[in-house]
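Read through the structure below, which is laid out as structure tokens, and then see the notes.
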Amino acid sequence: MDVTRPTSLDDALETLARRRAVPVAGATDLLVGWHEREHRPEPLLDLSALRAELGGWRLTPDRLELGALCTFWELRCAPQVAAEFPLLPLVAAQVGSVQIQTRGTWAGNVANGSPAADGVAVLMAYDAQVVLASSGGRRTVPLDEFYTGYRRSVRRDDELIVALHVPRRRHLREWFEKVGPRRAQAITKVGAALVQFEQGWRVVANSVAETVRRCRALEAALDAGRRFATPREVQALLAQDISPIDDVRSTARYRGTVLARIIYYWLAQ
Amino acid sequence: MSVGADVPRIDGVDKLTGVARYVDDIELPGMLYGAAVRSPVARGRIRRIRFDEAFDFSDFVVLDARDLPGPNEIAMIENDWRALAEHEVRHVGEPILLLAHRDRRRLQAARRAVHVEIEPLPAVDDILAPLRPELIQYGSDNVFKRIEISKGDVAAAFGGAARVIEGTYHTGAQEHVYIEPQGVIASHEDGRLVVRGSLQCPYYVLSALTHLLGRTPDQVRVVQTVTGGGFGGKEDYPSLLAAHAALLAEKARAPVKMVYQRAEDMAVTTKRHPSIVRHRTAVAADGRLLALEIELLLDAGAYVTLSPVVLSRACIHAAGPYHCEHVRIYGEARLSNKPPFGAFRGFGAPQAFFALERHMDVIADELGIDPVELRRRNLLRAGQQMATGQVVRDEPDLVALLDKAVAESGYHEKRRAAEEFNRSHPYLRRGVGLACFQHGAGFTGAGESYLASEVAVAGLPEGAVEVRTAQTDMGQGAVTVLTQIVADRLGLPVEQVHMAVPDTARVPDSGPTVASRTVMIVGKLLERACDQLRARLPAGLPPAEAIRAWHAAHPGGELCGRARYEKPPEIEWDERTYRGDAYATYAWAVYVAEVEVDLRTYQPRVRDFVAVQDIGRVVNPTLARGQVQGGVVQAIGWALSEEVVWEAGAMLNCHLTDYIIPTAADVPPIRVIFAEHPTAYGPRGAKGLGELPHDGPAPAVLNAVCRAVGRRIDRIPLTPERLLEYIEDHGDG
Amino acid sequence: MAELVLEFTLNGQPTSCRVPGEARLLDVLRGPCRCTGVKEGCGEGECGACTVLLDGQPVNACLVPAFQVAGRSVETVEALRCDRDPDPELLNRSGVAQCGACTPGVVMMIRWLRRNPHLAAGADLRQLLAGNLCRCTGYDGIVSGAAAALKQAGGQHSDT
């Protein structure tokens with residue numbers, strides 16, 4: 001097993017500059033069915049020794065900064081974060097189970113790029129930014145511009161996600177709901193995160209397209225003050241931005257219908 | 001007095017501290033790991049087995065059907081189940097080749113380096129599809145077993161009926177998901193083949209091995225290791241797994257361990273039979289059942305295995321706890337090219353009761369009668385005959401049981417409250433539903449006589465006793481409750497009663513641990529063995545002292561009480577006509593479920609569940625309650641979320657990520673009430689319990705959902721995707 | 001790395017063992033460390049039977065790569081042989097264990113909850129225990145055992 005374990009971020013970035021490697025943080029996705037896999041990703045870049053530089057979270061005057069190794073559990077235990085960004089601990093409590101939350105990282109959720117990623121949906125609805133670092137420097141990419149296709153992103157092979165930045169703004173309304181096959185340990189069938197800022201709405205859906213994505217048609221309608229008389233009206237707008245599929249977990253019909261229904265009923269409250 | 005007391009589970013602390021040793025915790029010197037290479041297709045002819053040239057197999061043990069020393073058969077009801085496929089395969093996952101190696105990981109790589117080339121043949125996927133000649137693989141019509149039960153004159157009764165109500169009900173396959181996967185270790189010790197494993201029936205495995213290997217029983221020893229769940233899944237399958245491990249161990253001349261990973265376990269082991277049950281019922285205007293015509297079809301999978309007995313129990317229970325003069329039940333177990341379906345808690349009764357109890361609610365709706373009232377009018381009264389003509393001697397008061405369930409659950413109040421709630425809430429709908437049902441304890445009819453179970457209770461020199469049965473504890477508490485029964489009968493403290501490990505070299509064959517027979521049948525036998533032991537003791541001394549005194553007077557002697565099953569003379573069953581006393585007695589139950597359906601997401605949620613049952617005398621309240629709660633939750637999973645997704649005869653979702661069993665957050669507390677109506681046939685009046693709790697929850701929950709959403713739903717699992725279709729595509733039910 | 005020499009603290013004792021580079025913590029514990037009380041139920045992080053405490057926090061040992069365990073502290077159900085925390089007799093009376101396969105994982109969650117009573121106070125026990133699948137108990141015995149254990153005095157308290 002080819003594993004490199006850098007002891008500093010600079011080390012890690014130098015390694016990536018020289019050769020391709022798969023960064024590993026909490027490993028809760030990487031290790032699933034580990035011994036049954038025919039081919040395992042290699043080489044690996046183990047980030048777990050970089051807590052000093054990449055761990056934890058902090059609040060600055062204009063944003064919440066999540067280090068790359070910040071886990072879901074850490075935000076469940078952060079009342080300061082809960083006060084200002086209530087969707088973060090809310091979604092954290094619904095990812096897998098406690099045993100997954102203590103290991104899984106927000107940055108790992110982003111890097112993994114699953115279209116079902118609940119953490120990504122909420123971060124995107126909060127207008128999060130992804131901070132990428134390489135031995136050549138840093139850049140910041142808005143999360144809603146980070147993905148280019150199914151499990152593909154703008155991250156170059158020599159880059160690491162080092163932080164996620166979430167702007168501190170006034171939220172007028174905010175909400176997240178995950179629909180899964182059971183109430184824990186569930187891969188999302190369809191999920192929605194909605195945040196109304198003073199500047200406008202963000203509507204983000206997961207498990208209904210190749211990537212987690214904003215539903216801009218519905219955002220525009222909400223920004224224009226549109227109200228909805230039935231879920232079908234919401235569904236018609238959503239249809240412009242989503243393309244749910246049938247798979248072993250659910251159906252396109254269910255996903256499209258239910259996404260619209262949960263949003264409709266929440267808006268109607 | 002031990003029976004009725006909450007004796008703490010005897011094996012509990014070892015399990016809680018991680019001391020209990022399961023089969024995968026055991027290592028023997030020189031041990032190899034074994035694995036099977038399997039068919040990727042549902043049916044076909046094996047053309048060629050090709051080994052990757054790039055892979056070094058020289059340090060592997062490789063074994064196929066040509067290595068078998070005896071018949072290629074896993075002995076069961078019929079011997080059609082093969083240890084290894086030789087020329088053709090009949091289901092995805094059918095084992096073809098066995099490999100063994102010291103290194104578990106290298107073994108997995110080796111499996112991938114063996115390629116089986118199979119010429120596909122047309123496969124049976126749907127047991128209702130018309131049968132073309134090229135699909136016939138058993139007999140003339142792929143029917144493994146037919147059963148017919150007749151009472152009265154059904155045709156005449158339909159002729160004169162006011163109303164006839166029909167319905168067809170479907171249930172899906174269900175995977176056991178015992179948290180400990182299947183596993184065995186085979187080795188040779190003292191010139192004997194020894195198989196240790198996670199299993200329910202050591203003597204079944206013994207029979208299978210002696211038949212397969214051409215040995216006598218004294219040449220083989222089977223020992224049950226601590227077993228992490230069974231639910232029937234370790235009744236039949238371990239015979240095949242043990243055969244594989246034994247064959248490899250013989251060829252390798254070394255111990256071989258075969259423990260399945262979860263995905264393999266789910267994909268290839270037995271599951272609950274899917275069913276299609278059609279009801280056609282003649283009813284009077286007041287809801288009395290005038291005639292029941294029931295057709296029950298089971299998908300049996302590729303081999304016979306236990307399907308005839310599953311069909312038997314399903315048919316016998318199909319008319320339920322109701323009185324009806326004219327009954328015709330016709331059942332078939334049909335072949336399909338899927339991994340064989342097998343034993344699973346309830347063993348055909350859950351399928352029968354899903355249909356019956358859903359149908360009773362359909363009848364109630366059509367006639368405009370309250371569902372509780374409909375049950376009340378039809379429940380068996382003392383002296384009335386069941387479908388096979390049996391009059392239940394214990395004379396349970398089923399109406400009182402119904403009333404108790406209704407009262408404890410607050411059924412009527414909940415129903416009124418639900419109706420009001422549903423009028424005003426934007427998207428939540430509540431409903432209450434019930435189910436009435438029974439479960440016969442022990443093997444059907446002549447089955448217990450055929451088993452001829454034996455037990456022994458030995459008095460030990462130190463004044464304690466050792467109980468020798470083949471009954472296995474798989475979590476249900478057999479060790480503890482049998483200890484309590486013996487302690488009671490002998491007048492000893494439980495600490496002085498030791499259960500021998502189920503080891504065929506040391507214990508007699510008391511039959512399998514299935515069919516809810518352990519407490520009632522084997523417990524009763526143990527009482528007789530205790531009496532025989534006592535009869536040999538010197539009089540006038542307390543039991544422990546008497547045992548010590550006997551040993552003092554007979555140094556080196558064996559002090560043992562034995563008993564062998566004798567059919568109670570009044571129990572009469574005709575296997576040919578399927579008439580008479582199917583079981584000595586039954587446990588009876590009424591379960592009530594309250595659900596809330598979220599019409600935004602089409603997800604039903606069970607808010608409250610009340611389980612009322614009469615299991616005769618309760619031996620251990622905590623253990624009995626645990627059995628009920630576990631069975632109810634398992635059945636809720638079967639009803640609402642556990643779907644086996646098939647594709648070309650293979651289980652697509654063979655991972656716990658995608659085969660959805662309930663978590664603690666998905667179910668409410670299960671409220672359990674026992675009404676004790678002792679039976680003469682069980683120890684201190686106790687009856688069987690293990691399977692009953694899985695027989696009733698599915699229809700109770702579905703009845704509640706149907707009430708909540710106003711639709712008629714006849715199929716489980718009722719996933720939210722399906723509920724969406726029922727609500728959006730069908731008009732008000 | 002073909003093989004790894006792993007040094008960590010196991011149930012309070014410094015431990016060193018040689019393991020294949022691709023080993024999971026579960027393999028390390030069940031193999032060279034002989035902690036067979038830690039069970040493998042699925043290898044996917046779904047069932048929670050392999051739950052252990054890593055630096056005081058519950059994790060699925062099947063999802064932790066051995067190479068990340070160096071210098072860290074692991075507690076398994078074997079720790080109960082020394083400190084009986086949670087009290088196995090109390091759990092037994094509550095009906096926590098039936099077949100026992102999920103039990104060690106449940107016990108470790110209860111051990112963790114006893115050290116962090118504020119967590120149980122602020123959240124639903126069933127939700128906290130939802131990462132431990134059980135097929136035997138229907139969960140009532142487990143939840144009542146956890147609640148009883150949380151009321152019982154004694155045991156270790158840490159600031160984790």
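What you are looking at is a predicted structure, and each value in this text was computed from that prediction instead of being measured. Order of the sequence lines fixes the chain letters, A, B, ..., with proteins taken first and strands second; residue numbering starts at 1 for each chain.
Residues from residues 41-54 of chain A that place a non-hydrogen atom less than 4.5 Å from a non-hydrogen atom of chain C comprise A:Leu44, A:Asp46, A:Ser48, given in numerical order. Heavy-atom neighbours of chain A within the stretch residues 136-146 of chain C, taken at a separation under 4.5 angstrom, are nonexistent. Interface with chain C: from residues 74-94 of chain A, residues A:Arg76 qualify, criterion being any non-hydrogen pair under 4.5 Å. Listed by sequence position, the residues of residues 108-118 of chain A in contact with chain C number zero, using a 4.5 angstrom heavy-atom cutoff.
When heavy atoms are compared at a cutoff of 4.5 Å, C:Leu129 does not approach chain A at all. Only the backbone of A:Ala25 comes within contact range of chain C, judged by heavy atoms closer than 4.5 Å. Heavy atoms of C:Val64 lying under 4.5 Å from chain A belong to its backbone as well as its side chain.
Smallest separation of non-hydrogen atoms from A:Val190 and A:Arg255: CG2-O, 3.8 Å. Residue C:Thr76 comes nearest to C:Leu10 through the heavy atom pair CG2-CD1, 3.9 Å, listed as atom of the first residue, atom of the second, then distance. Nearest approach of C:Pro58 to A:Thr102, heavy atoms of both residues: O-OG1, 2.6 Å.
Looking at C:Arg115 and C:Glu75, a side-chain N of the basic residue comes within less than 4.0 Å of a carboxylate O on the acidic one, giving a salt bridge. Between C:Arg111 and C:Asp83 a salt bridge is recorded (basic side-chain N to carboxylate O distance below 4.0 Å). Taking a cutoff of 4.0 Å between a charged side-chain nitrogen and a carboxylate oxygen, A:Arg19 and A:Asp2 qualify as a salt bridge. Taking 4.0 Å as the cut-off between side-chain N and carboxylate O, C:Glu40 and C:Arg30 do not count as a salt-bridged pair. By the 4.0 Å N-to-carboxylate-O rule, A:Asp158 lies close enough to A:Arg156 to be salt-bridged with it.
Not one N or O on the side chain of A:Thr188 forms a donor-acceptor pair closer than 3.5 Å with the backbone of A:Gly191. In this structure, the side chain of C:Asn116 does not engage the main chain of C:His118 through any donor-acceptor pair within 3.5 Å. Under a 3.5 Å cut-off, the side chain of C:Asp27 and the backbone N or O of C:Arg24 do form a donor-acceptor pair. With A:Lys178 contributing its side chain and A:Ala186 its backbone, the two residues share a donor-acceptor pair below 3.5 Å.
Looking only at heavy-atom pairs under 4.5 Å with chain C, the residue among A:Arg103, A:Arg5, A:Glu36 that has the most is A:Arg103.
In summary, the side chains of C:Glu46 and C:Asn60 do not present any donor paired with an acceptor at a separation below 3.5 Å, with no hydrogens or angles considered. No side-chain N or O of C:Gln13 forms a donor-acceptor pair with one of C:Thr15 less than 3.5 Å apart. A:Tyr126 and A:Glu174 share a side-chain donor-acceptor pair at under 3.5 Å.
Figure legend: A:Arg173 and A:Trp266 shown as a cation-pi pair, the cationic atom lying under 6.0 angstrom from the six-membered ring centre and within 45 degrees of its axis.
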Exercise. For A:Trp73 and C:Trp112, what are the C-alpha separation, side-chain angles and deciding distance, and is it a ring pair (Phe, Tyr, Trp, His ring centres under 6.0 Å)?
Worked result: CA-CA 14 Å; A:Trp73 184 256; C:Trp112 172 69; 5.4 Å; yes
Problem set entry | Worked check of side chain to side chain contact (heavy atoms under 4.5 Å, CB included) between A:Phe146 and A:Leu132 | CA-CA 11 Å; A:Phe146 184 72; A:Leu132 294 160; 4.2 Å; yes
